[in-house]
Protein chains: 2
Amino acid sequence: MALRHAVLAALLDEELSGYQLVKAFDLGVANFWHAQPQQVYAELTRLEKDGLITGREVVQDTRPNKRLFQVTDAGLAELDHFAVAAAKPSFIRDDLLVKVQAADHIDTRTLVEQLTERAAFARAKADLFDKLLRTMRGDRTEEEFLRHGERIGPYLTCLRGLAFEQGNHDWCERTATILREREGGHAQQ
Amino acid sequence: MALRHAVLAALLDEELSGYQLVKAFDLGVANFWHAQPQQVYAELTRLEKDGLITGREVVQDTRPNKRLFQVTDAGLAELDHFAVAAAKPSFIRDDLLVKVQAADHIDTRTLVEQLTERAAFARAKADLFDKLLRTMRGDRTEEEFLRHGERIGPYLTCLRGLAFEQGNHDWCERTATILREREGGHAQQ
DNA sequence: TCTGATTACTCATATCGATGAGTATGGAAG
DNA sequence: CTTCCATACTCATCGATATGAGTAATCAGA
């Protein structure tokens, strides 16, 4: 049930079209949730039907028309309601971890490749988050911004995203190195 | 499709009953995947039907009988096949992050409570992972164990779990502190 | 001018995952 | 002596998520 609240949270700052939201959710800018395009569109339809957001048609000459959505008071109330409800604990669920768990029983060559690939991906995402953070805080220091900034929610979630991707990167690099050395070292199998 | 491979990976070291597996998946010992009891049982049924695991009945006097499962050669082949296939990137999906994203628009008191609660939970899990790691490596140093240990897969995934929970803990603590200070400071609202 | 990328979406279906309830036995704790 | 907890599962159902295909327009590049 949290996708709807993620959408509401994403719409708090600015009116967005479904397409823009999809971009935010799909292309990793959403550091606090992830969803498929179809999910986002379906959720927008439901949210509007329930009166939690309102859409207005924007006619465009050069592009297909689009609908911009903004959160209603009912939507804000819904977010408030969501915020006081118990949050489920978050779990890691990752194909790569499953593969590493089985590392002693399977061929590790492709696994090492996948780990280095993932490390590079994580690094790219971390860089992106870092840039986002700089943009958000402007010329203020982080401490300054977090103390007195007027909109710190996205900054805080972005910090988590950055730490997560850095953790991903470091672990992937280290794991790849270890597996590579073992493979080369005593040339088992 | 990865639950089945997670189950296979979990059964690599030892024969386990469905109930034991459920414990491993449900109670956080599974640092590489998470699943509900009913999912695990259903998957075991499917895996046995597909010949990837075999179960043997163990009659018990004092307890209900149980079935212990072990991975077959076909199961190992399936794991190999899984390992070379592309892994989907992993995303964070967390109610708490959604709430923090909306932090500037909602009441933060209960949010701060939830953050400190989560921090404590993460700390407990991190401690548990730390103990698991010590048990696995015995009296060897980590470097030693990772270089020459015979079964390092679970150790490596546990390392990721530990880092993840430490990251969770640190972020929750810091975020809670920041929100608390802002609330107290310029007493907005 | 044909191709492919980008904007802006919709529909249908399948699989995955979560939730609640239910069954049966034995041992420990009050 | 009764209630609760642990073992060891099964069945049913619902919502969430993923996948694949399809529409329709504009613009840039080969």
Side-chain angles (χ1 to χ4, degrees), chain A residues 1-8 15-27 29-30 33-50 53 55-69 82 85-95 98, chain B residues 1-7 15-27 29-30 32-50 53 55-69 82 85-95 98:
Chain A
M1 274 277 203
L3 171 61
R4 69 177 356 203
H5 302 107
V7 170
L8 285 173
E15 268 188 326
L16 290 173
S17 68
Y19 192 75
Q20 288 174 293
L21 262 175
V22 163
K23 291 256 139 172
F25 274 84
D26 204 35
L27 299 178
V29 183
W33 203 262
H34 169 256
Q36 304 296 121
Q38 293 89 334
Q39 274 177 272
V40 175
Y41 281 114
E43 198 56 55
L44 283 171
T45 309
R46 251 172 277 146
L47 280 165
E48 195 182 20
K49 198 188 66 194
D50 296 346
I53 58 173
R56 61 185 185 88
E57 183 94 11
V58 173
V59 181
Q60 300 185 120
D61 293 341
T62 88
R63 296 271 154 217
N65 295 347
K66 62 182 174 183
R67 306 194 62 215
L68 294 181
F69 295 95
F82 168 69
K88 303 172 200 166
S90 72
F91 295 103
I92 284 189
R93 244 179 206 173
D94 191 339
D95 283 11
V98 176
Chain B
M1 276 276 205
L3 170 61
R4 67 176 359 201
H5 302 106
V7 170
E15 267 188 327
L16 290 174
S17 69
Y19 193 73
Q20 288 173 294
L21 261 175
V22 162
K23 291 256 139 172
F25 273 85
D26 203 35
L27 298 179
V29 183
F32 58 101
W33 203 262
H34 170 258
Q36 302 297 122
Q38 293 89 335
Q39 274 176 273
V40 175
Y41 281 114
E43 198 56 54
L44 283 172
T45 309
R46 253 172 276 146
L47 280 166
E48 196 183 19
K49 200 188 65 194
D50 296 347
I53 58 174
R56 61 185 184 90
E57 184 94 9
V58 173
V59 181
Q60 300 185 119
D61 293 342
T62 87
R63 298 269 154 218
N65 296 347
K66 62 181 174 184
R67 308 195 61 216
L68 294 182
F69 295 96
F82 168 69
K88 301 172 200 165
S90 72
F91 295 105
I92 284 189
R93 244 182 205 171
D94 191 340
D95 282 12
V98 175

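No hydrogens, no waters, no symmetry mates; every other heavy atom, side chains included, goes into these values. Note that the structure is predicted; figures quoted are calculated from it, not measured. Letters A, B, ... are given to chains in the order of the sequence lines, protein chains preceding strands, and every chain is numbered from 1.
Distance A:K66 NZ to D:dT26 P: 16 Å, rounded to the nearest Å. Taking atom CG of residue B:L16 and atom C1' of nucleotide D:dC9, one finds them 16 Å apart after rounding to whole Å. Note: NZ (A:K49) to C1' (C:dT10) measures 16 Å, nearest angstrom. Rounded to whole Å, atom P of C:dT19 lies 18 Å from atom OH of B:Y41. Regarding B:E43, its CD atom lies at a distance of 16 Å from the C1' atom of D:dT10, rounded to whole Å. B:R63 has its CZ atom 7 Å from the P atom of C:dG27, to the nearest Å. Between B:D95 atom CG and C:dA18 atom P there is a gap of 12 Å when expressed in whole angstrom units. Protein atom CG of A:L44 is 14 Å distant from nucleotide atom P of C:dA8, rounded to whole Å.
OP1 or OP2 of D:dT7 has not a single side-chain nitrogen or oxygen of B:S17 nearer than 4.0 Å. Remark: B:K23 is in phosphate contact with D:dT7, judged by side-chain N or O atoms under 4.0 Å from OP1 or OP2.
Listed by chain and residue number, B:E48, B:E57 satisfy the salt bridge (charged side-chain N to carboxylate O under 4.0 Å, His left out) test with B:R67 (two or more places apart in sequence, or in another chain). Shown here are the ring-ring contact (aromatic ring centres under 6.0 Å, His included) partners of B:F82, two or more places apart in sequence or in another chain: B:H5. With sequence neighbours excluded, no residue forms a salt bridge (charged side-chain N to carboxylate O under 4.0 Å, His left out) with A:D95. Annotation: salt bridge (charged side-chain N to carboxylate O under 4.0 Å, His left out) contacts of B:R46 (sequence neighbours excluded): B:E43.
Between A:F25 and A:V7 there is a side-chain heavy-atom pair separated by less than 4.5 Å.
Taking the nucleotide of DNA chain D with the nearest heavy atom to each of B:Y19 and B:T45, the more 5' of the two is matched to B:Y19.
Remark on the helix from C:dT1-D:dA30 to C:dG30-D:dC1: inter-end axis angle 30°, axes from five-pair C1' superpositions, rounded to 10°.
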Protein-to-nucleotide contact annotation, 5' to 3' order, nucleotides 16-22 of chain D [B base; S sugar-phosphate only; - none; under 4.0 Å, heavy atom]: SSSBBB-
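Ionic pairing of B:D50 and B:R4 is present here: one or more N-O contacts between side-chain nitrogen and carboxylate oxygen are shorter than 4.0 angstrom.
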Evaluate the side chain to side chain contact (heavy atoms under 4.5 Å, CB included) criterion for residues A:L68 and A:K66: first the C-alpha distance (whole Å), next the side-chain angles of each, then the deciding distance (0.1 Å), finally the verdict. CA-CA 7 Å; A:L68 294 181; A:K66 62 182 174 183; 4.3 Å; yes
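Taken to the nearest 0.5 Å, the NE2 atom of A:H34 stands 11.0 Å off from the CG atom of A:L3. To the nearest 0.5 Å, the span separating NZ on B:K23 from CG on B:L16 amounts to 13.0 Å.
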